[in-house]
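First the proteins, then the strands, lettered A, B, ... as listed; each starts at 1.
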Protein chains: 2
Amino acid sequence: MQQSIQLSVDAVVFGYESGVISVLLIKRKYDPFKGKWAIPGGFVLNNESLEEAVARELREETGIEINYLEQLYTFGEPKRDPRSRVVSVAYFGLIKPSAFKIFASTDAEEVQWFNIETLPELSFDHSEILRIAIARLQAKITYEPIGFELLDVKFPFSDLEKLYTTLLGRPIDRRNFRKKILSLNVLDELDEKFSKGSGRPANLFKFNNKRYFKLKEEGIIFDI
Amino acid sequence: MQQSIQLSVDAVVFGYESGVISVLLIKRKYDPFKGKWAIPGGFVLNNESLEEAVARELREETGIEINYLEQLYTFGEPKRDPRSRVVSVAYFGLIKPSAFKIFASTDAEEVQWFNIETLPELSFDHSEILRIAIARLQAKITYEPIGFELLDVKFPFSDLEKLYTTLLGRPIDRRNFRKKILSLNVLDELDEKFSKGSGRPANLFKFNNKRYFKLKEEGIIFDI
DNA sequence: TATTTTAGCGTAAAATACACGCATAGTATG
DNA sequence: CATACTATGCGTGTATTTTACGCTAAAATA
């Protein structure tokens, strides 16, 4: 018997801006689930790798170019797509929403960032995919430094702190957090001050790419 | 253009016995790579889930029944199969080799346990798959208790210790290891002694299933 | 009975995590 | 221009965990 399974890829892209974690969704232009929100994605072409496929679909549907997407999980329940058997390899990425202008095209009627606290109803099993992606994101910050992809190039320390409190969903001791992060030696302190309104102006920091990515590869486990 | 991609599953099954970690491989009966060793696996049927497919292939080719296989990674490079485009979802499992009698059938001409230190040349990109699986196994023991699946029901503490030294590839302090593991409260000490040759006989332990699986779900991180 | 072998307990030192006080450098206000 | 206010950033003591390692116990073997 001939196998008749189709293969797709999906991209869960998270963004962070001033205390809010959001995810990029598209409104589907065609059936099934026409007019409903979904994770960007689509079918893999015969001669492209999975990574090429997911980067292409993301670019086509949302306008976002992302250079690093990590494989999340492969979803293959026989009935997950009402049309036919579709197995989907989900990917996972982080960006600064401000760094890209999003625009809908091809299969997407609309593109929008959604706060992960207030998600709309989703197509297919995309709620499940998103649930797993959010769990991965939260697990990730306990074994990898995160921030480079989500923060501006230059940022005050409090931005990083806020990112972590948001991701962890609980307050952290500012003083101990600072000590721990600085001891990792992945931040370079700049000679620039930054002030937003009242309060003592903060020094700006930037990630030291080399040490940052070295640390990520080593997979440092650090409890916050 | 019609998509023409085939979907397969592969199962990397690790076993442990007296200081040796091994992996289950089959010798391929048909081309491509006829007569070469490979990870067990095969094509997904139209109406079965990925988990059902991998369990079935493993049973058919090797005789092993395994109830828990964890998804490892999906491999989708266009040229990984010389015949046509085949994307494969790889799974990962642990068993006690002694608990099953292996026998080759269907696509397998032979089945055999191989010490992971002395692997033969493998078919397709299976060396790459195995490399990733071994890395996962080694990472896993630092954040999850492992042993239940790999040891006998009743075992002396030194068996667990030996398993860990083997997996970690380095010696560990026996006294501290014992304290750490016992403090997890997943072992029940039995009133049975066990002696293999000279030396003081050891008490036997067994895993307390309930607490063991509870701990696994919580995903305890413990440095050895 | 002495020796060898493996099991298993305890304790001190070092490292790390945790809690929290307070000076500092700006802005806002009367 | 003094005073309050706000957020940054440094330091220090204490609890907890990790690490190192000494030593006794129980059995097989010589």
Side-chain angles (χ1 to χ4, degrees), chain A residues 18-19 141-145 147 151-152 154-166 168-207 215 218-224, chain B residues 18-19 141-143 145 147 151-152 154-166 168-206 215 218-224:
Chain A
S18 45
I141 63 171
T142 71
Y143 63 82
E144 266 193 16
L151 296 177
D152 290 322
K154 298 175 183 182
F155 58 90
F157 202 87
S158 54
D159 271 17
L160 187 62
E161 184 197 329
K162 195 166 192 181
L163 168 62
Y164 268 81
T165 53
T166 306
L168 289 166
R170 63 176 168 81
I172 52 183
D173 187 284
R174 187 160 31 85
R175 296 155 290 190
N176 292 334
F177 179 71
R178 170 180 264 260
K179 261 181 291 188
K180 181 161 269 171
I181 297 291
L182 291 181
S183 75
L184 295 177
N185 255 302
V186 291
L187 295 184
D188 288 340
E189 192 161 3
L190 304 176
D191 270 337
E192 292 179 63
K193 301 277 181 197
F194 169 81
S195 177
K196 56 164 190 295
S198 76
R200 175 174 172 176
N203 245 313
L204 290 179
F205 288 84
K206 61 181 240 181
F207 285 99
L215 194 64
E218 290 167 2
I220 284 304
I221 288 175
F222 62 120
D223 313 307
I224 297 300
Chain B
S18 45
I141 62 170
T142 70
Y143 64 83
L151 295 178
D152 290 323
K154 298 173 181 183
F155 57 90
F157 201 87
S158 54
D159 271 17
L160 188 61
E161 185 196 327
K162 195 166 192 180
L163 169 62
Y164 268 81
T165 52
T166 305
L168 289 167
R170 61 176 169 82
I172 52 184
D173 187 285
R174 188 159 30 84
R175 295 156 290 189
N176 293 334
F177 179 73
R178 170 179 264 261
K179 264 181 288 188
K180 181 159 269 171
I181 297 291
L182 291 181
S183 74
L184 294 177
N185 253 303
V186 291
L187 295 184
D188 288 339
E189 192 162 4
L190 304 175
D191 270 337
E192 293 179 61
K193 302 276 184 201
F194 169 81
S195 178
K196 56 163 192 294
S198 76
R200 174 176 170 176
N203 245 313
L204 290 179
F205 288 85
K206 63 180 240 184
L215 194 65
E218 290 168 3
I220 285 304
I221 288 175
F222 63 119
D223 312 307
I224 298 300

Identify each atom pair where a protein N or O and an N or O of nucleotides 26-29 of chain D are less than 3.5 Å apart, giving names and distance.
none

Original post:
What distance do A/L187 atom CG and A/I181 atom CD1 have between them, rounded to the nearest 0.5 Å?
Top reply: 7.0 Å
Subject >> Any residue of residues 170-189 of chain A with a heavy atom less than 4.0 Å from an atom of DNA chain C >> reply: A/D173, A/R175, A/N176, A/K179, A/K180
Subject >> Pairing residues for B/T165 by the side chain to side chain contact (heavy atoms under 4.5 Å, CB included) criterion, not counting sequence neighbours >> reply: B/K162, B/I172
Original post:
Got a sec, which pairs hit side chain to side chain donor-acceptor pair (under 3.5 Å) with one end in residues 180-189 of chain B, sequence neighbours left out?
Top reply: B/D188-B/N208, B/D188-B/R211, B/E189-B/N203
Original post:
Which base sits across from D/dT17 as a Watson-Crick or G-U pair, both distances under 3.5 Å?
Top reply: C/dA14
**OP:** Kindly state each residue pair satisfying ring-ring contact (aromatic ring centres under 6.0 Å, His included) with at least one member in residues 178-203 of chain A, sequence neighbours excluded.
**Re:** none
**OP:** Mind checking ring-ring contact (aromatic ring centres under 6.0 Å, His included) for A/F157 and listing every partner two or more places apart, or none if nothing turns up?
**Re:** A/F177, A/F205
**OP:** Name all residues meeting the side chain to side chain contact (heavy atoms under 4.5 Å, CB included) criterion together with A/K179; count only those two or more places apart in sequence or in a different chain, and write none if there are none.
**Re:** A/N176
Original post:
Partners of B/R175 by side chain to side chain donor-acceptor pair (under 3.5 Å), sequence neighbours excluded?
Top reply: B/D173
Subject >> Any residue meeting side chain to side chain donor-acceptor pair (under 3.5 Å) with B/D152, in chain and number order, not counting sequence neighbours >> reply: none
Original post:
Rounded to the Å, how far apart are A/N203 CG and D/dA7 P?
Top reply: 18 Å
Original post:
Tell me: CG of B/L204 to P of C/dT6, nearest whole Å?
Top reply: 17 Å
